[in-house]
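Data block below; observations after.
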2 protein chains.
Amino acid sequence: MADLARAVGVSKSTVSRAFSRPDMLNPETVDRIAEVAARIGYRPNRAARALSTGRHGNIGMVVPDIANPFFPPLIRAGQVEADRSDFCVFLGNSDEDPEQEDRLVSHFLSQVSGLLLIASRLDEDRIRAYADLCPLVLVNRDVAGIPRILIDSGPAVAEAVRHLHSLGHERIIYVSGPPKSWSEQERRAAAKAEAERLGMSLTVVPVTKPAYETGLELAPPVLDSGATAAVAFDDITAHGLMTGLSHRGVAIPKDFSLVGCDDVLGARTNPPMTTVTTSSEEAGRCAIAMLLALIAGAVPQGTLRTISTRLVLRGTTGPAPQR
Amino acid sequence: MADLARAVGVSKSTVSRAFSRPDMLNPETVDRIAEVAARIGYRPNRAARALSTGRHGNIGMVVPDIANPFFPPLIRAGQVEADRSDFCVFLGNSDEDPEQEDRLVSHFLSQVSGLLLIASRLDEDRIRAYADLCPLVLVNRDVAGIPRILIDSGPAVAEAVRHLHSLGHERIIYVSGPPKSWSEQERRAAAKAEAERLGMSLTVVPVTKPAYETGLELAPPVLDSGATAAVAFDDITAHGLMTGLSHRGVAIPKDFSLVGCDDVLGARTNPPMTTVTTSSEEAGRCAIAMLLALIAGAVPQGTLRTISTRLVLRGTTGPAPQR
DNA sequence: CAGTCTCGCGCAACCGGTTGCACGTCAACC
DNA sequence: GGTTGACGTGCAACCGGTTGCGCGAGACTG
């Protein structure tokens, strides 16, 4: 920068302003500086700028598992939205581990203007502490007072249970997800409540890591349970379960009905999966927009924004088999 | 930091060394500093450190499409590997657009110690220019002199063509991928060369964006072509094509054989897809390891590292139908 | 006991920008 | 014609660390 200033014959201040607040300067000066800068290949140093202004122009984003297909569209939409305001995004994988998430966040802390924690596994105190240090928004995690985006899948899960009930199913299973997941808690609670209300029997099958293989291995216990239908925490696990059942000669939906969540597979399975659909892109976009507003000091209208979901009926649910 | 120094009764230098080079100090001093730091909640500021040392401890990573299932495992493995050395990673989505990639890279430039460009769409000059400015490694992009990791799918694609030939197929199709993709060029060239060698007829179906929907829409032209088999640039497009063909009553593999690439679907399709498999995790891990070595000044052993692939036979290929 | 070394630490400059304040110039105004 | 104000620019301090160099104290040597 000093070199540039010398080359142009102005002071560092002027060069600085040419890039950060060109309107303060004589347009000709700005042009001259821009021209010489291009010639000698000068680019303002974001790290230095951040140090002196305190505005880093970066945001930190952490997800439990990058490779879980639910997250990439959300990450992508978030990154693209951030880029529209020239923000760079750090990405971290917590691997569902609060300690790892904490590590990541603390590494991000001193170089970001804001944090986006997606399906955070941190405990409330920790989240509150970070929120005091740095603008922070949550996705799919509900902590009072902290700005958050919630993909509200409870009602659609309840609808799924009603749907199964209307098809004559009486004994169903809920295949759970990561215990610390807010979505998991919502879905489980909604399924339980609705089943109870309708007088259905609901068994919860615990699962720690949602995965295709997990679903596959679930086939025997699910069959043994005597249930005729299942609602799963996510599509991936549901897909595994579906395949596992098929391998055992169980026809879907004739012999067994299945509902997934998140709609990450679309209609690509065979039969296409009945599931709870939503737009994770929208969640990513809104979350970043809210975070940028928070950073700008514009208190977001409401600190809580919910994104709706709905049950989409496809081919994995049908009438309960006759005994 | 000054506060901490005052509170402990030492100089800033000592506090600094307590965190960056504790071995230079009296262990008791380090302990005292650490204790007080924890009490008042001091954390070293990475941005400031970067400014004064020039070592940012961040790496920038850009991919063409975060949501393309080939990338998330690679991104994840890279991030995890980087984290083992306390590096944070910026992630950017170029959306297959060289200009966008350029934007991202230039934003990263002044805050990273290294760049990882995955399947870069930048032109060679640009890549070389960036490599002069900053340690840089490429994945699935072949620029002489620049350290790179190449997932060498050519041989396996050739094997796929031989496989189809041995099954009696004579007219086949290559469903292409993004034109600027190195992998695409490799695969296409390998398929062409092998088909020619074997005296098979190979038609290239151009595709700009690999996607399930793209594959779906390809069913009619593929059928019209008179070919009895296809090799596709990736599994996603192949999957779409497979479904499109099924919708039209074409049985796979009885009436038509299909080979995918990347093995992102595993055996989850029905029938399970014959494909070219590799470990994108390994690519991500190696790439970051190589980049870290480059940053550390250890010239990587060879500046070119290839990762092998192999054809895995599953259920979408079978004998050519009799006319 | 004087001389030499090592160890632990402080001083101050520096990394590359930003910004409050001051200064000089010139046009507009009464 | 002197005053006022706006405009364009420079000065220097500051953001929060790092690091080469120097200094004093204690240990060790001959």
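Numbers restart at 1 for each chain; the letters A, B, ... are given by sequence-line order, proteins then strands. The model shown is predicted, which means the values in this text are computed figures rather than measured ones.
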- prompt: Is Ser13(A) touching bases, backbone alone, or none of the nucleic acid, heavy atoms closer than 4.0 Å?
  reply: base
Nearest-Å distance for atom pair CZ/C1', residues Arg21(A) and dT19(C): 7 Å
message: Using heavy-atom distances to pick each residue's nearest nucleotide on DNA chain D, tell me which of Met24(A) and Pro44(B) is more 5'.
response: Met24(A)
statement: Between CG of Leu51(B) and P of dG16(C) the distance, given in whole Å, is 7 Å
- request: Round to the nearest Å and state the distance from Phe19(A) atom CZ to dT19(C) atom C1'.
  value: 17 Å
- line: Among dG8(D), dC11(C), dG17(D), the one nearest any side-chain atom of Ser52(B) is dG17(D)
field: Salt bridge present between Glu99(B) and Arg103(B) (N-O < 4.0 angstrom)
entry: no
field: From Ser110(B) atom OG to Asn45(A) atom CG, the distance as rounded to the nearest 0.5 Å
entry: 5.0 Å
- request: Looking at every strand, decide which applies to Val10(A) at a 4.0 Å heavy-atom threshold: base, sugar-phosphate, or nothing.
  value: sugar-phosphate
message: Let's see if you can work this out: which of dG10(D), dG17(D), dG17(C) has an atom nearest to the side-chain heavy atoms of Tyr42(B)?
response: dG17(D)
Ion pair check, Asp95(A) and Arg76(B), cut-off under 4.0 Å: yes
message: Mind checking if Ser16(B) touches a base, just sugar-phosphate, or nothing, with heavy atoms under 4.0 Å?
response: base
message: I want to check one thing: is the phosphate of dG17(D), taken as OP1 and OP2, less than 4.0 Å away from some side-chain N or O of Ser20(B)?
response: no
field: Rounded interatomic separation in angstrom, taking CG from Leu25(B) and C1' from dG8(C)
entry: 7 Å
- prompt: Taking the nucleotide of DNA chain C with the closest heavy atom to each, which residue, Val30(B) or Ala48(B), is nearer the 5' end?
  reply: Val30(B)
message: With a 4.0 Å cut-off on N to O distance, would you call Arg84(B) and Glu81(B) a salt bridge?
response: yes
statement: Whole-Å distance, Gln111(B) CD to dG16(C) C1', equals 14 Å
- request: Answer with yes or no whether Thr53(B) presents, from its side chain, a donor or acceptor under 3.5 Å of a partner atom in the base of dC15(C).
  value: no
message: Tell me the interatomic distance from Arg49(B), atom CZ, to dT19(D), atom P, rounded to whole angstroms.
response: 9 Å
- prompt: With a non-hydrogen cut-off below 4.0 angstrom, is Ser110(A) in contact with a base, only sugar-phosphate, or nothing?
  reply: nothing
message: Would the base of dG17(D) count as contacting Lys12(B) through its side chain, where contact means a donor and an acceptor less than 3.5 Å apart?
response: yes
query: Salt bridge check: are Arg32(A) and Glu28(A) linked by an N-O gap of less than 4.0 Å?
result: no
task: Take the protein atom CG of Asp23(A) and the nucleotide atom P of dT19(C), then report the distance between them rounded to whole Å.
output: 12 Å
message: Using a heavy-atom cut-off of 4.0 Å across all strands, would you classify Arg17(B) as base, sugar-phosphate, or nothing?
response: base
- request: In whole angstrom, give the distance that lies between atom CE of Met1(A) and atom P of dC14(D).
  value: 18 Å
